[in-house]
Amino acid sequence: MPPRRLIILGSTGSIGTQALDVVAHLNALHEQGVHPRRYEVVGLSAGSNAELLGRQAERFGVRDLGLAVVKGANPSHGEHYPSRATGSGTMRTGPDAAERLIREVECDIVLAAMVGAAGLPATLAAAELGRDIALANKETLVAAGSLVVPVAQRSGSRLLPVDSEHSAVWQAIQSLGPITPPCDAPRALERIILTASGGPFRNWTKEEIDRATPEEALNHPTWSMGRKITIDCASLMNKALEVIEAHHLFGLPADRIDVLIHPGSIVHAMAEFADGSVIAQMGAPDMRLPIQHALAFPHRLPGIAPRLDWREIGRLDFQEPDHARFPALALATRVIEAGGNAGAIFNAANEAAVEAFLSGRIPFGRIPALAAAALDELGAPPIAVLSDVLAADAEARRFVAQAVR
Ligand code: NDP
């Protein structure tokens, strides 16, 4: 079998680095004759961490690279990149580096693991080209699901979920047949339940949450992740983004997507079927598991994530989320029902508010308040093309900047 050519966008981040470990593991399985495919990493892109990107390129012999921001230099396009391992390669630089990498380098599958709406143009390009997309970058679907999904459906691009909850739903609905997102909701699937750990503020009062510090918000109890998603988990904004992501991936309306707090992060999601039967997917809270599932699909292969010890776990607890303390969650329904640009506005307002919080300019409690205010203020005009989404994104960021000032 020819190797499966892979591009990783956001290779220097939490998901990107774990994905490269998974690739090394899958290639070791190939060497042992356990996996029929070998993976060839043909492109890597990052935000500004040129040093780690260079080391990754050498380790995996990658010639085609992208870097959004070149520190201390003006980004220049098509810069030549010398690499000891490969002789030489091409480093694309500038804000559109990842998109050019996708358009210029042939591949079979793209792992979209950039953070934020910055991942949208490159992910949309991959969908246009009909590439399989292992999707971690949930902000892309939140901001522009109604644009990306029809493009993917037309080109035959599959959106293979990497987010653990969506991977869990995808695995559970395999019981109905070989279904791969983006898909229309199977009729026999009554609803899905996404679980949330509850984050570090699960048992805090509203007043304590409102004035939490970045250090407290970055201290997640079960998952180790990038900074932005860790803050999103603390506010339950991450779960709101995931509800919207699930709506686009599985074609479900908001009233068929539920959320439960499950502090142990063992059950990642459940699918409840028409006959009342429920299939839950469980696993250690380790992202290498869903990453491997997306990259190796449809193969089930030996994994590198730790195994669950049921005697040690003992029990599984679930609670209803508290909307008064975590107002972000309810905004997901509002965004889905509003449609149009509401997702782009909501997502960008949250990204801008998270940045303002991390740099000490607003208290934690203002993050969901600013996302809600942006929705109130900016409405939900329809989206037809990428520039509509980018305009709404910019408008929401301007709105938050002004409100913060
Ligand atoms: P990180 O912050 O750890 O990594 C983000 C990656 O994106 C880095 O490689 C970063 O490069 C790159 N990047 C940032 N800005 C740009 C840009 N403008 N252009 C190109 N690349 C850019 O994030 P995570 O890995 O935690 O998360 C990535 C995505 O996966 C997010 O959408 C998140 O919601 C999702 N996700 C993450 C999970 C996790 O466990 N971490 C779980 C489920 C979903 P650089 O290092 O140079 O800044």
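Whatever order the structure lists them in is the order used to number ligands and atoms, beginning at 1. All values derive from a computational prediction rather than experimental measurement.
- Protein residues with a heavy atom closer than 4.0 Å to ligand 1 are Gly10, Ser11, Thr12, Gly13, Ser14, Ile15, Ala46, Gly47, Ser48, Asn49, Ala68, Ala113, Met114, Val115, Ala118, Ala136, Asn137, Lys138, Glu139, Asp163, Met225, Gly226, Ile229, Met287, listed by chain and number.
- Sorted by first and then second residue, the pairs that involve residues 163-206 and meet ring pair (Phe, Tyr, Trp, His ring centres under 6.0 Å), not counting sequence neighbours, are Trp170-His293, Trp170-Phe297, Phe201-Trp204, Phe201-Phe364.
- For the 3.5 Å distance criterion, the side chains of Asn219 and Glu215 fail to qualify, holding no donor opposite an acceptor.
- Here side-chain hydrogen bond (donor to acceptor under 3.5 Å, both in side chains) pairs that include residues 376-393, with residues two or more places apart or in two chains, are Arg334-Asp376, Asp393-Arg397.
- With hydrogens and angles ignored, the 3.5 Å screen pairs a side-chain donor or acceptor of Arg256 with a backbone N or O of Leu189.
- Among residues two or more places apart in sequence or in another chain, the salt bridge (Lys or Arg N to Asp or Glu O under 4.0 Å) test is passed with Glu190 by none.
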Note to self: For Val22 and Leu295: C-alpha separation, side-chain torsions, deciding distance, then whether side-chain contact (heavy atoms from CB on, under 4.5 Å) applies.
What the structure shows: CA-CA 9 Å; Val22 169; Leu295 294 184; 4.2 Å; yes
